[in-house]
Amino acid sequence: MAIVNAPKPNRDSVTTIREDGSRQFLHPADVQGRFARARKVSAVVLIVIYLALPWIPINGHPAVFLDVANRRFHLFGATLAAQDLWLLFFLITGVGFSLYYLTSLFGRVWCGWACPQTVFLDHVFRRIERWIEGDALARRKLDAMPWNNEKAGKRVVKHAVFVLVSLAITHLFLSYFVSLPALWTMMTHSPLEHWSAFLFILIATGILYFNFAWFREQLCIIICPYGRLQSALIDDNSLVIGYDSKRGEPRGRASDPVAGHCIDCSRCVAVCPTGIDIRQGLQIECIACTACVDACDEVMAKLDRPKGLIRYDSLNGLNGNKTRLVRPRTLVYTVLLFVGACVLTWALSTVKPANLGVTRMVGSPYYVSEGYVRNQFMMRVVNKSDDTAHFKIEILGAPAGVLMSGAGELFSVEALGETLRPVVIQTPIPTWNGSYKLRVRLTDEKGSFEVLKGCEVIGPDPFLLNVGRKQDGR
């Protein structure tokens, strides 16, 4: 049975919606070629990295372990505490800006080659679908077939495998936050003992299954904003997937001497995972997966014609002009990226094996009693190392006669632990001249590093304090 009302690609609407508003499911045809092989290798490498990171120990922790429960984040041997989360600004903005930079040079190379949606959909879930239901033609026939034992059996097996794979991906994702041993403990005990993790697994698995089994390319077309941003990120010199209309048009049979090189076989449309016709120009649905490039090159090779009718090129290149990778936009981006890298390097150099937080104790901001202006602080010391460490807190810049308690002696903090240390600073009233600032220094017993923080000693107005003392006869 043939599929009816299958829409042809056009620039006015997406191919996955029929005229009656119903969903047209896409079944991209298989394609072989140099880009297909390169994308397969790239996908395998990325999936292996995703699978391997929780298993690779570095300095006693997984290569990537985001221990949210204990507020410790282990990244390739470095341990960051919650107080170091400001570094995420550089990570997030750096990744985002690098993506913009790559887009200005190479178009949507991220979408087609490295985006998790593309990697898992094309190289895991669609591959499973091909193994169970057959090639694109067989899958279309199965869609059009009335429900029978064959169709029901294949669909049940396919979706059962989809659920299992979604479960595996979700469990591995959770291990990035709880570690593999803790994950195994959760899996071997009652779900009620770890109900929050169990609920997360259920919800995340359901979302993954829904996405990869049904929603698919709609995520790229409808939800992801990147395709809409590309018009602002690229220019006529950015490398994109494009059709050489000068060489291809007018379309016609291979035997037609006046026709261009495009024989209108629609092979490029058949292999497109978002259902577009690249010959209609650059479109927001194009994820630069290069499937159409391999498909067209295959046809050109059979016709003994030069490859590259559809190819990686800039809009200038497709129009016969020179492509300029070095241009004002890319120069500015390069300078900004270099500046960002320098700032990130400096920021990372400020990360210490311990953190110090200085806060004023709850209650009155200061006290006046027994001839002193008293300020009370709480020092939070966080040990980010895997061993018990000994630290010392010192107060720097205190005026003569100031009394301090809680500072100067060594104390220990257990591995990956933290402690609170009260420090009281008392300023004699006769020497009180108003608020002043001090520096708090945290060092280890070897003096191998120091963490400096500021604090302000506050109190009453010196004039009013002296007036009060005279009235009291002092």
Side-chain angles (χ1 to χ4, degrees), residues 14 16-17 22-28 43 46-54 62 64-69 73 88 91-92 95-96 99 108 110-133 139 143 154-180 182-184 186-187 190-229 273-275 284-285 287 289:
V14 295
T16 53
I17 300 178
S22 61
R23 168 82 177 276
Q24 165 68 23
F25 282 89
L26 299 178
H27 295 291
L46 291 172
I47 292 173
V48 168
I49 291 174
Y50 173 72
L51 298 176
L53 286 178
V64 176
F65 179 27
L66 308 177
D67 190 1
V68 177
F73 308 94
L88 286 178
L91 176 63
I92 295 172
V95 170
L99 184 59
R108 293 181 67 175
W110 160 262
C111 292
W113 293 76
C115 176
Q117 169 75 5
T118 302
V119 169
F120 282 102
L121 178 58
D122 282 359
H123 302 282
V124 177
F125 286 88
R126 276 193 171 131
R127 192 164 298 278
I128 292 171
E129 194 170 54
R130 291 188 186 101
W131 288 341
I132 296 173
E133 296 184 348
R139 296 196 301 274
D143 281 349
K154 288 183 176 180
R155 289 292 164 85
V156 168
V157 171
K158 181 184 77 171
H159 287 282
V161 175
F162 280 1
V163 170
L164 291 176
V165 174
S166 300
L167 272 171
I169 295 173
T170 305
H171 275 82
L172 192 67
F173 179 74
L174 182 60
S175 72
Y176 278 81
F177 298 89
V178 301
S179 80
L180 285 169
L183 176 62
W184 178 250
M186 294 177 183
M187 293 171 62
S190 169
L192 296 179
E193 296 183 25
H194 308 280
W195 64 269
S196 57
F198 181 72
L199 185 62
F200 169 80
I201 290 293
L202 282 181
I203 295 175
T205 299
I207 293 173
L208 282 183
Y209 168 74
F210 168 78
N211 176 50
F212 290 119
W214 189 83
F215 203 54
R216 298 194 163 188
E217 73 285 335
Q218 301 302 305
L219 179 70
C220 305
I221 297 173
I222 299 175
I223 295 180
C224 180
Y226 187 49
R228 290 159 178 80
L229 286 174
T274 57
I284 63 171
E285 297 96 332
I287 60 172
C289 68

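What you see is a predicted model; the values in this text were computed from it and never measured.
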How close do [X] and [Y] get, counting heavy atoms only, and between which atoms?
X: D67; Y: F73; result: N-CD2, 4.3 Å
X: P116; Y: F212; result: O-CZ, 4.5 Å
X: C111; Y: C115; result: O-CB, 3.8 Å
X: L26; Y: T274; result: CD1-C, 3.4 Å
X: P273; Y: P28; result: CA-CG, 3.6 Å
X: S175; Y: L180; result: CB-CD2, 3.6 Å

Value rounded to 0.5 Å, distance of [atom1] in [X] from [atom2] in [Y]:
X: R139; Y: E129; atom1: CZ; atom2: CD; answer: 5.0 Å
X: E285; Y: R108; atom1: CD; atom2: CZ; answer: 9.0 Å
X: D143; Y: H27; atom1: CG; atom2: NE2; answer: 3.5 Å
X: I201; Y: F173; atom1: CD1; atom2: CZ; answer: 9.5 Å
X: I17; Y: Q24; atom1: CD1; atom2: CD; answer: 11.0 Å
X: Y209; Y: I169; atom1: OH; atom2: CD1; answer: 14.0 Å

Which residues share a side chain to side chain donor-acceptor pair (under 3.5 Å) with T16, sequence neighbours left out: Q218
Excluding sequence neighbours, so at least two apart, what forms side chain to side chain donor-acceptor pair (under 3.5 Å) with T205? T170
Would F198 and L202 count as a side chain to side chain contact (heavy atoms under 4.5 Å, CB included) here? Give the steps. CA-CA 6 Å; F198 181 72; L202 282 181; 3.5 Å; yes
Side chain to side chain contact (heavy atoms under 4.5 Å, CB included) between F120 and Y50, intermediate numbers included: CA-CA 11 Å; F120 282 102; Y50 173 72; 4.1 Å; yes
Under the rule for ring pair (Phe, Tyr, Trp, His ring centres under 6.0 Å), what residues qualify as partners of [X], not counting sequence neighbours?
X: Y226; answer: none
X: F210; answer: W214, F215
X: F162; answer: F125, H159

Apply side chain to side chain contact (heavy atoms under 4.5 Å, CB included) to the pair H123 and L46, showing each step before the final yes or no. CA-CA 11 Å; H123 302 282; L46 291 172; over 6 Å; no
Check salt bridge (Lys or Arg N to Asp or Glu O under 4.0 Å) between R126 and all other residues, then give those that pass, not counting sequence neighbours. D122, E217
